[in-house]
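Here's the structure we're looking at; comments come further down.
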Amino acid sequence: MMKRVITMLLAFGLIVTSALPALASIDVYKFHSAKEEKTFQDLTATLRCPKCQNNTIADSNATLAQDMRQKVFEMLEEGKSKQEVIDYMIARYGNFVTYDPPLMASTLVLWMGPFLFILVGFTVLVVRSRKTEDAKKKTKLAADEEVRLKELLNEMEQQEKAEQHPQNKNGKVKS
């Protein structure tokens, strides 16, 4: 009897948990025209979710994105233009909500950063390549220094040969 009750509770739990995805909320909006729906879709695809940061408000399931979609819908219902909706979102959430921030003092690093990075990298390469050329020039010896070096090397070789084959005063090799 107890096994039946446990089995029935487990079956009921599986049925309930398998039905949970059906309870997920889906936004349904009624538009007056196809143009209004297209504008809504364009806006929600171009505005970034401040919470998710890399998703549009159309792709995000965050509560903030849902609120933003609702506000876009309401503003379009009021007859606001696309630019007015974008301006409202920027005023409320900052330039971050657009994927293409305007060129301002606060966003100058975003716009100039890649160019500065390339310029600094190129400069480092040029400076390093010139340093290696200078180092090669410094290592070259003058002609008289080369002659002196060869003489020293010859003397060292003769000393090594003399140490390997010791001779007595008569010039005979010792055994």
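What you see is a predicted model; the values in this text were computed from it and never measured.
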So for atom CG, which belongs to Asp59, do other residues, nucleotides or ligands contribute more than 12 heavy atoms lying within a distance under 6.0 Å? yes
Across all chains, not counting sequence neighbours, the side-chain hydrogen bond (donor to acceptor under 3.5 Å, both in side chains) partners of Asp87 are Gln83
Is [X] isolated, or which residues cluster with it under the ILVMFWY side-chain rule of less than 4.5 Å, directly or via members?
X: Phe117; result: none
X: Met2; result: Ile6, Leu10
X: Val5; result: Leu9

- Is there a side-chain contact between Lys51 and Thr63, using heavy atoms and a 4.5 Å cut-off? no
Please tell me if the side chains of Ile90 and Val97 come closer than 4.5 Å, counting only heavy atoms from C-beta onward. yes
Sequence-distant partners of [X], side-chain contact (heavy atoms from CB on, under 4.5 Å), two or more places apart:
X: Ser60; result: Cys49, Cys52, Asn55, Ala62, Ala65
X: Lys82; result: Thr39, Asp42, Leu43
X: Ser33; result: Lys35, Glu36
X: Glu157; result: Asn154

Interatomic distance, [X] atom [atom1] to [Y] atom [atom2] [nearest 0.5 angstrom]:
X: Leu152; Y: Lys150; atom1: CG; atom2: NZ; answer: 12.5 Å
X: Lys71; Y: Lys80; atom1: NZ; atom2: NZ; answer: 8.5 Å
X: Met75; Y: Ile86; atom1: CE; atom2: CD1; answer: 10.5 Å
X: Leu125; Y: Arg130; atom1: CG; atom2: CZ; answer: 12.0 Å

Ring pair (Phe, Tyr, Trp, His ring centres under 6.0 Å) pairs, two or more places apart, involving [range]:
range: residues 83-108; answer: none
range: residues 43-66; answer: none
range: residues 45-70; answer: none

Q.
Side chains of Gln70 and Glu74 only: does a donor on one sit below 3.5 Å from an acceptor on the other?
A. yes
Residues passing the ring-ring contact (aromatic ring centres under 6.0 Å, His included) test with Phe31, sequence neighbours excluded, are Phe40, Phe73
Nearest heavy-atom contact between Pro50 and Met68 is CD-SD, 3.5 Å
When every non-hydrogen atom of Thr98 is compared with those of Arg48, the smallest separation belongs to O-NH2, 3.4 Å
